Amino acid sequence: EDKVVQSPLSLVVHEGDTVTLNCSYEVTNFRSLLWYKQEKKAPTFLFMLTSSGIEKKSGRLSSILDKKELFSILNITATQTGDSAVYLCAVLNAGGTSYGKLTFGQGTILTVHP
Amino acid sequence: NAGVTQTPKFQVLKTGQSMTLQCAQDMNHNSMYWYRQDPGMGLRLIYYSASEGTTDKGEVPNGYNVSRLNKREFSLRLESAAPSQTSVYFCASRNADYNEQFFGPGTRLTVL
C-alpha cells in the first residue's frame, strides 16, 4: 500500500524565519510528488517533482526530490503570516492496478507569528 | 471555466439516511478522485477513477460507493450514513498528461 509521511506535524515560527518541511514516501510505481497549500478551503497546487535533484522554485518557496532516499523537502524562506497554512505532500502511482492513484500525507500545520 | 464543482456545499444527515455527493469537471480530465479530510488526518483517498469506465478503491472505501457517470461526472454515495462519516469531502480531477490535480470547493457533511 502506498504511504506518505510528513514531518513535523506542526510548526510554529516567527516572521522572517526559514522552515523546512519533510515528506517521505513508499510507492510501488512512483510517477511524481506534489506539494499543496491549504488555507481553510480546498488545497492549492504548489509544485510537482518528477526528477531527482532538480529544485523547483517559486518566490520564497522551493522544493527538491530525492528519489533514491524516497523523500522531498519544501523550504520557505523569510516566512510571512500569510504562509500560515497546512502543507500537504502527495505521491502519484503510475503503474499496474494502482495507476493514477494519488496518496496524500497527513500534512504539516505551519503557524507564522508576527 | 468552472473547474471542479461539487454539490451540495453543506449537508446534515441523520444516521441511516442515504445521499449522493455530486462532482463534475469541465477540463476534459481523465482521472477523478474522492477524498475525505478529518482533523489531523490529511486527505484520505476514498475511491478514484483513473479513466472513464473504471473505478478503484482507495484507503478508506468502506461505507461508500461511486459511479463514474461519464467523463465529466463522478458521484459518491453513502447508502447508510454513520456519524463516523462526518467529514469534509473533496472531489478532484487530473489530466493524465500534466499530473497536477485540481480540487473542488468541498462538501461539509455532518451525520447526527
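All figures in this text were calculated on a predicted structure; none of them were measured in a lab.
- Annotation for B:Pro105 and A:Ala42: closest pair CA-CB, 4.4 Å, computed over non-hydrogen atoms.
- Inter-residue side-chain proximity for B:Asp56 and A:Lys101 is flagged as unmet; no heavy-atom pair is nearer than 4.5 Å.
- Using a 4.5 Å heavy-atom threshold, the side chains of B:Leu43 and A:Leu88 count as touching.
- Under the 4.5 Å side-chain heavy-atom criterion for grouping Ile, Leu, Val, Met, Phe, Trp and Tyr, A:Leu49 is connected to A:Leu61 within one hydrophobic cluster.
- Ranked by heavy-atom pairs under 4.5 Å with chain B, the list A:Pro43, A:Ser32, A:Gly105 is led by A:Pro43.
- A:Leu102 and A:Val27 end up in different hydrophobic clusters when Ile, Leu, Val, Met, Phe, Trp and Tyr side chains are linked at under 4.5 Å.
- Placement of A:Val86 and B:Tyr35 within a single hydrophobic cluster is found when ILVMFWY residues are connected by side-chain heavy-atom separations under 4.5 Å, directly or transitively.
- Atom CG of residue A:Asn93 and atom OH of residue B:Tyr48 lie 7.0 Å apart, to the nearest 0.5 angstrom.
- Residues A:Phe104 and B:Leu45 have side chains not in contact (no heavy-atom distance under 4.5 Å, counting atoms from C-beta outward).
- Separating the CD atom in A:Glu1 from the CD atom in B:Glu59 is a distance of 6.0 Å, to the nearest 0.5 Å.
- Residue B:Arg77 qualifies as enclosed at atom CZ: its count of foreign heavy atoms under 6.0 Å is above 12.
- Within the model, atoms CG of A:Leu92 and CZ of B:Arg94 stand 4.5 Å from one another, a figure rounded to the nearest 0.5 Å.
- In this structure, no portion of A:Gln6 lies under 4.5 Å from any heavy atom of chain B.
- Note: B:Phe103 and A:Tyr36 meet the aromatic proximity criterion, with ring centroids under 6.0 Å apart.
- In this structure, chain A has heavy atoms under 4.5 Å from both the backbone and the side chain of B:Gln101.
- Hydrophobic clustering keeps B:Phe74 apart from B:Val4 (ILVMFWY residues linked when any side-chain heavy atoms are closer than 4.5 Å, directly or through intermediates).
- Linking Ile, Leu, Val, Met, Phe, Trp and Tyr whenever their side-chain heavy atoms come within less than 4.5 Å puts A:Trp35 and A:Phe30 in one cluster.
- When all heavy atoms of B:Phe90 and A:Lys41 are compared, the closest pair comes out as CZ-O, 3.9 Å.
- A:Phe47 has its side chain out of reach of B:Glu100: every pair of non-hydrogen atoms, C-beta onward, lies at least 4.5 Å apart.
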